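Data block below; observations after.
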Amino acid sequence: MDQKILSLAADKTADKLQEFLQTLKEDDLTNLLQIHAVKGKHTGALLRAIFKGSPCSEEDGVLRRHKIYTCCIHLVESGDLQKQVASEIMGLLMLEAHRFPGPLLVELANEFIGVIKEGSLISGKSLELLPIILTALATKKENLAYGKGESSGEECKKQLINTLCSGRWDQQYVIQLTSMFKDVPLTAEELELVVEKVLKMFSKLNLQEIPPLVYQLLVLSSKGSRKSVLDGIISFFSELDQQHSEDQSGDELLDLVTVPSGELRHVQGTVILHTVFAIKLDCELGRELVKQLKAGQQGDSSKYLSPFSIALLLSVTRIQRFEEQVFDLLKTLVMKSFKDLQLLQSSKFLQNLVPQRGCVSTTILEVVKNSVHSWDHVTQGLVEFGFILMDSYGSKKIVDGKMTGSSSSLSRTPHQHACRLGASILLETFKIHEMIRQEILEQVLNRVVNRASFPISHFLDLLSDIIMYAPLVLQTCSSKITETFDYLSFLPLQTVQGVLKAVQPLLKVSMSLRDSLILVLRKAMFARHLDARKSAVAGFLLLLKNFKVLGSLASSQCSQSIGLSQVHVDIHSRYNSVANETLCLEIMDSLRRCLGQQADVRLMLYEGFYDVLRRNSQLANSIMQTLLSQLKQFYEPKPDLLPPLKLEACVLTQGSQISLQEPLDYLLCCTQHCLAWYKNRVMPLQQGNEEEEEEGLYQELDDMLESITSRMIKSELEDFELDKSADFSQSTGIGVKNNICAFLLLGVCEVLIEYNFSICNFSKNKFEEVLSLFMCYKKLSDILSEKTGKGKLKVTNKTNDSFLSLKFVSDLLTALFRDSIQSHEESLSVLRSSTEFMRYAVSVALQKVQQLQETGRVSGPDGQNPDKIFQNLCDITRVLLWRYTSIPTSVEESGKKERGKSISLLCLEGLQKILSVVQQFYQSKTQDFLRALDVTDKEGEEGEAEDVSVTQRAAFQIRQFQRSLLNLLSGEDEGFHSKEALLLVAVLTNLSKLLEPSSPQFMQMLSWTSKICKENSREDASFCRSLMNLLFSLHVLCKSPVTLLRDLSQDIHGQLGDVDQDVEVEKTNHFAMVNLRTAAPTVCLLVLNQAEKVLEEVDWLITKLKGQASQEIPPEEASSQVSPPSHPTEKAIIMQLGTLLTCFHELVQTALPSGSCVDTLLKDLCKMYTILTALVRYYLQVCRRSRRIPKNMEKLVKLSGSHLTPLCYSFISYVQNKKSSNLSYPGEKNKEKTTATAMARVLRETKPIPNLIFAIEQYEKFLIHLSKKSKVNLMQHMKVSTSRDFKIRGSILDMLLQEDGEGDSAGGTASEHRGQDTEPAKKKRKN
């Protein structure tokens, strides 16, 4: 039979073939076809023959074709056929499909859909035919019977797709079904339907099946629906990320049920690769991604801030056309996230409305962590982004001193947070990815070298962290570091110190690197530039500190912490202590040559020797010998000769240039500290076999210092030619020289004071010597103050630091104020008898704290050791606190009439500065600091003391200062000490920052501050400002300050009177602190500043609401009658604006003085109307879903129309009249000049007026739009503003100018506005 069919098919005509086929039974053909298909013989030829003999023009032929199609589809699906045979069959079916009539195509499609819905597909091979059938169906123009009616082929196709997408899909054929649709011509609506169905299937598939499905979906997106595709992919993986993070933070048992982390990351990596590849082929997809993420930032950004979406964006940066755009987007996203976080943390009002979201830092660092799973396409973007953040948000100005300030502070600005995030990204990427380490290191070093004029402390910190992490690994990059060493001579000193400190671990493992550095430093020692020489000294000192000689003491007091990796390096070091000794002695030889160079180089050497000795005690003899030989050059050896020091030898005269050659004070200071440390630390540990030579060296130094002390006491200032008759002017050579000698002598006195106090063991004679030295110091200091006057600070700013060490200042203050040991009483009475000396001791403590606040370090030993500094600060604070609370300022000042600040006041100032410093540098140690202040804590109670919280400890201290301020305020106005009151408020402000805002102690502090402001009236503007600032800072942390602002505005209005002089204003007196002297500008500006912050918060909330509204899909049928329940955020915004509006209602009626108050009020009013407009536009946006707006919004609009807008025009008239009256009567002399100046000032001060009028009109314009949309007449309470369209007529203007009719014109304008606003003014009038 098959042969006959084939032979008949060979004829030119198909008539005989048709006749033969009609004679066959129904199943004969299908059985024959099945046998041939299974055997794989002549299947294609047989099918062609059957199709040839079954023309679609005849009904029998159509039916036969249908049966053959059905049979073939079952055969292909069965999986019994060879692949080649199945492909041949499908090819023939596809070719013949377009010949089918429409009804048959519909029937075939329905059969397919039925099979898919039932899930009876076996291989899915037959699905290749469905797109051909649907495509053929779409081309049929005639009406086809489908369902209950008739429709065109296109409509049938649409209904079939709809039926297919609404049915169940077997998960193993989802990918094939998705792939199938790319060959079907789809309308936008059909495509959206398909995409929605495929996205729903994501959650039902195994994770490993997602990447190929995403690929097919991305291919499909080239037809359209890019937004839905991207949104679906990002949403799905963002939810998976969130679930995964929650599972990790939850019970570990959940790990058995959830997706393994590695599998999820690999799948995400593959999906990202597919997406990036799709974007390369279809730029529209990339633009849609960027657009979508930009829009997503405004609303709920949690979906767009997931690790997956960040990783996707970073991968897209590898496409050049999107690189800059995406990095800018990521920068904006990071900065916005940090700014939002800062705004939320500073406002309880916002915290109650907006839930805390995850931090962007955590998310991005999660991406770094995930990139270990072969995310090479993300790594490069991470590195670039890390550097972009560090370059963009690093410090913009160079701050003198160390870089510990910003890095150790926990309260960073958004810029500092962003910079720190960049550094963390780079460090974590460096740790994870070996391949990219060299590139990161090179880029960091390039920035260190090339940006010498910019602050690069953040790059130096990163370099230090990188090297500390893996010093052994970085030996491979030693060539790049050696190259960096070559530039050290040309870099600023601070940069050189940072680089050398960072590379220190490498020097211990690489001999070649160390040798290269020594070579560079030796060359720099004799370089032309002074900075290069100082860099050389800094480098050599660092080497001496870190290459220990055998027998040196353990570095328990080491100022630089050493990480585990560095300890590891020390143990396995190939250098022994003998080699270190040779190296150190060579370096000491090099350093001795510095003693013949400039004073700055010598000074640096003297400052560094103490740290070297402490870290490398075996170098003591070499160092002490060097110091002794240098000191002998300026020491008068004969014991009877006065003075004991040759100060003139320290000054270098070259022609008319006079400069310091030897910083003798620093030399003596270094000698004293080194000697004291050696005697205290090394000598007690040495055995009796110490050489006599060494004993002689230290004895000689002791004798020398004793001799200098005794002869300094005997010497008069005349012996140094520095008495009152000496010339100290800076214009003469003698004066400059005398100034230099005077400051050297002051330094020497301080060094000797510390030396004698430290060796005295509470000897009365020694204390008398200390006092004598101080009298010498004071006498010379007084002469300098008298001679140089106010210019002293300018001239001596560099050398004005005290030479007393912080530890000594701590010990001295403790002895003076807190030592109650009976045996010390008599000797200490010598020092205590001198108020000047005690004031000097407290002043030096203040100076040290100030230096720490400005530079992050203090001069003297251990000045860069944070732990030692902190301990000393605690001791000093304890003494100052006791002294201030025991002897109040009022008691001290009533008994003595001396110049300068009282000791108690100095103590209070010191306390205020120390509290600031602790919060700046030691925030993590606040608990320890407060515990140290609590003198009631005994060792036995230590366990109990641990339970006391920071809030409780801070509250205890706050109560002491509250009592002091109350005592101060209870006195008469004449005896009010403004400076002390300001300091007390500053101390209370600092302490209140330590209170937990939710604690009862915080509420007590707020109510106490509020009570003080309400009950005390002082005419001191500075005190009022600081107290009000404290009140506001406390208030915003527990609730919104709008009611407070309203009360203050009423007080200001009552004190200053109304803009209309005929109106009598009733004084409300909510806050006694608001009086005629403080109401304006002090309180008024504070209120306006706070109102501006509230407006910023409201603006932020409205922007957030707008973003959320744009993301929500409006329902198709929204009821126009039912008003939706008001969003809590909307309600809060309207309440805030309503209360703020009443505040402005008071202020615009207040007769404010010209100047800053008026300017700020006009700007804030402009901002108020801008935000009201933003709120109206938000309601225009949401009116698409509901025609109604909330009732409280209607009330707010009514309030603005009746209580604010008319009064704004009155206030503008008041301001213009006031300016005009100021211009009306200038004096006769310089009349033109005075008028011109006044006119310029008026123009400048009235500049905000047009902006305000424009803002009001914009508000009214959008209100009209909203009225139309919502069908609510919102304009019924608004007076439509007068039109200000006008044309300047030149002739009339000339005539008016000639007649000088400016006064009449101004009066007319004022009366016009007042006429508009008559009604509100009447409401305000009182009898």
Side-chain angles (χ1 to χ4, degrees), residues 631 634-636 638-651 660 662-669 671-672 704-728 737-760 763-788 792 796 799-805 808-809 812 815-816 827-844 847 898-900:
L631 191 56
F634 309 98
Y635 172 69
E636 181 56 63
K638 295 180 182 177
D640 300 331
L641 282 182
L642 298 178
L645 296 169
K646 303 170 187 174
L647 290 186
E648 290 190 0
C650 300
V651 181
L660 177 66
E662 175 63 44
L664 183 61
D665 41 8
Y666 280 92
L667 171 60
L668 206 60
C669 184
T671 306
Q672 184 260 317
M704 196 181 281
L705 289 170
E706 285 285 354
S707 175
I708 293 171
T709 300
S710 58
R711 285 191 278 168
M712 279 293 295
I713 292 166
K714 293 174 188 173
S715 301
E716 297 292 333
L717 291 177
E718 288 83 351
D719 297 331
F720 294 99
E721 299 178 3
L722 295 173
D723 56 350
K724 284 190 178 182
S725 60
D727 177 15
F728 288 100
K737 179 187 167 187
N738 286 343
N739 264 299
I740 292 171
C741 291
F743 285 114
L744 283 176
L745 193 56
L746 287 174
V748 167
C749 286
E750 285 195 313
V751 172
L752 293 174
I753 286 171
E754 181 166 348
Y755 170 74
N756 283 283
F757 188 92
S758 62
I759 64 165
C760 71
S763 155
K764 187 176 180 181
N765 293 336
K766 277 293 176 188
F767 279 170
E768 285 171 352
E769 288 181 3
V770 166
L771 200 57
S772 302
L773 287 166
F774 168 70
M775 294 316 293
C776 172
Y777 173 91
K778 186 179 182 305
K779 200 181 296 181
L780 181 56
S781 182
D782 289 346
I783 291 172
L784 276 173
S785 300
E786 187 183 326
K787 292 279 185 179
T788 58
K792 178 188 170 188
T796 64
T799 54
N800 210 26
D801 290 338
S802 171
F803 282 86
L804 303 182
S805 66
F808 168 70
V809 172
L812 178 61
L816 287 174
S827 53
L828 281 170
S829 62
V830 173
L831 299 178
R832 288 170 178 169
S833 64
S834 170
T835 311
E836 288 293 341
F837 182 73
M838 292 196 290
R839 183 184 289 118
Y840 160 74
V842 179
S843 300
V844 173
Q847 187 194 93
E898 292 183 5
R899 288 185 305 154

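Fair warning: this is a prediction, and the values are worked out from it, not measured in the lab.
- Using a distance-only test at 3.5 Å, with no hydrogens or angles considered, a donor-acceptor pair links the side chain of S833 to the main chain of V830.
- The two residues V770 and F757 have their closest heavy-atom pair at CG2-N, 4.0 Å.
- Here the shortest heavy-atom pairing between I783 and L717 reads CD1-CD1, 3.5 Å.
- Every residue two or more places apart in sequence or in another chain that forms a side-chain contact (heavy atoms from CB on, under 4.5 Å) with P644 is listed here: I708, R711, M712, S715, F720.
- Shown here for S827 and F767, the closest heavy-atom pair between the two residues is O-CD1, 3.1 Å.
- More than 12 heavy atoms of other shown residues, nucleotides or ligands fall within 6.0 angstrom of atom CD in E768.
- In this structure, L812 and V809 have side chains that are not in contact, with every pair of non-hydrogen atoms separated by 4.5 Å or more.
- Proximity of L784 to F743: side-chain heavy atoms (C-beta onward) are separated by under 4.5 Å at one or more points.
- With E750 contributing its side chain and F803 its backbone, the two residues share a donor-acceptor pair below 3.5 Å.
- With sequence neighbours excluded, the residues that form a side-chain hydrogen bond (donor to acceptor under 3.5 Å, both in side chains) with S725 are D723.
- Counting heavy atoms from C-beta on, the side chains of Q672 and S758 come closer than 4.5 Å.
- In this structure, the separation between CG on L816 and CZ on F837 is 6.0 Å, given to the nearest 0.5 Å.
- Scanning both residues, L722 and L780, for their nearest heavy atoms gives O-CD1, 4.0 Å.
- Under the ring pair (Phe, Tyr, Trp, His ring centres under 6.0 Å) criterion, Y840 pairs with F774, Y777, not counting sequence neighbours.
- Listed here is the closest heavy atom pair of N738 and A726: ND2-CB, 3.9 Å.
- Here the straight-line distance linking atom NZ of K737 with atom CG of D727 works out to 12.0 Å at 0.5 Å rounding.
- Although no hydrogens or angles enter the test, the distance criterion places no donor-acceptor pair under 3.5 Å between the side chain of E754 and the main chain of F808.
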| request: Carefully, step by step, assess L746 and D665 under the rule side chain to side chain contact (heavy atoms under 4.5 Å, CB included). | output: CA-CA 8 Å; L746 287 174; D665 41 8; over 6 Å; no

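- Among all heavy-atom pairs drawn from T709 and Y755, the shortest one is OG1-CD2, 4.4 Å.
- For E648, the CD atom sits in a loose shell: 12 or fewer heavy atoms of surrounding residues, nucleotides or ligands are nearer than 6.0 Å.
- Applying the 6.0 Å contact sphere to NZ of K779 captures no more than 12 heavy atoms from other residues, nucleotides or ligands.
- Separating the CG atom in L745 from the CG atom in L645 is a distance of 8.0 Å, to the nearest 0.5 Å.
- Note that CG of L664 is 11.0 Å distant from SG of C669, once rounded to the nearest 0.5 Å.
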| request: Show your working on side chain to side chain contact (heavy atoms under 4.5 Å, CB included) between I759 and E706 and close with a plain yes or no. | output: CA-CA 11 Å; I759 64 165; E706 285 285 354; 3.2 Å; yes

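- Inter-residue side-chain proximity for L660 and L744 is flagged as met; some heavy-atom pair is nearer than 4.5 Å.
- Proximity of a side-chain donor or acceptor of N756 to a complementary backbone N or O of K766 within less than 3.5 Å is not detected.
- Here the CG-CG distance, from L831 to L771, works out to 6.0 Å after rounding to the nearest 0.5 Å.
- Within the 4.5 Å cutoff, no side-chain heavy atoms of I740 are placed close to those of L647.
- For the atom pair D782 CG and E786 CD, the distance stands at 8.0 Å (nearest 0.5 Å).
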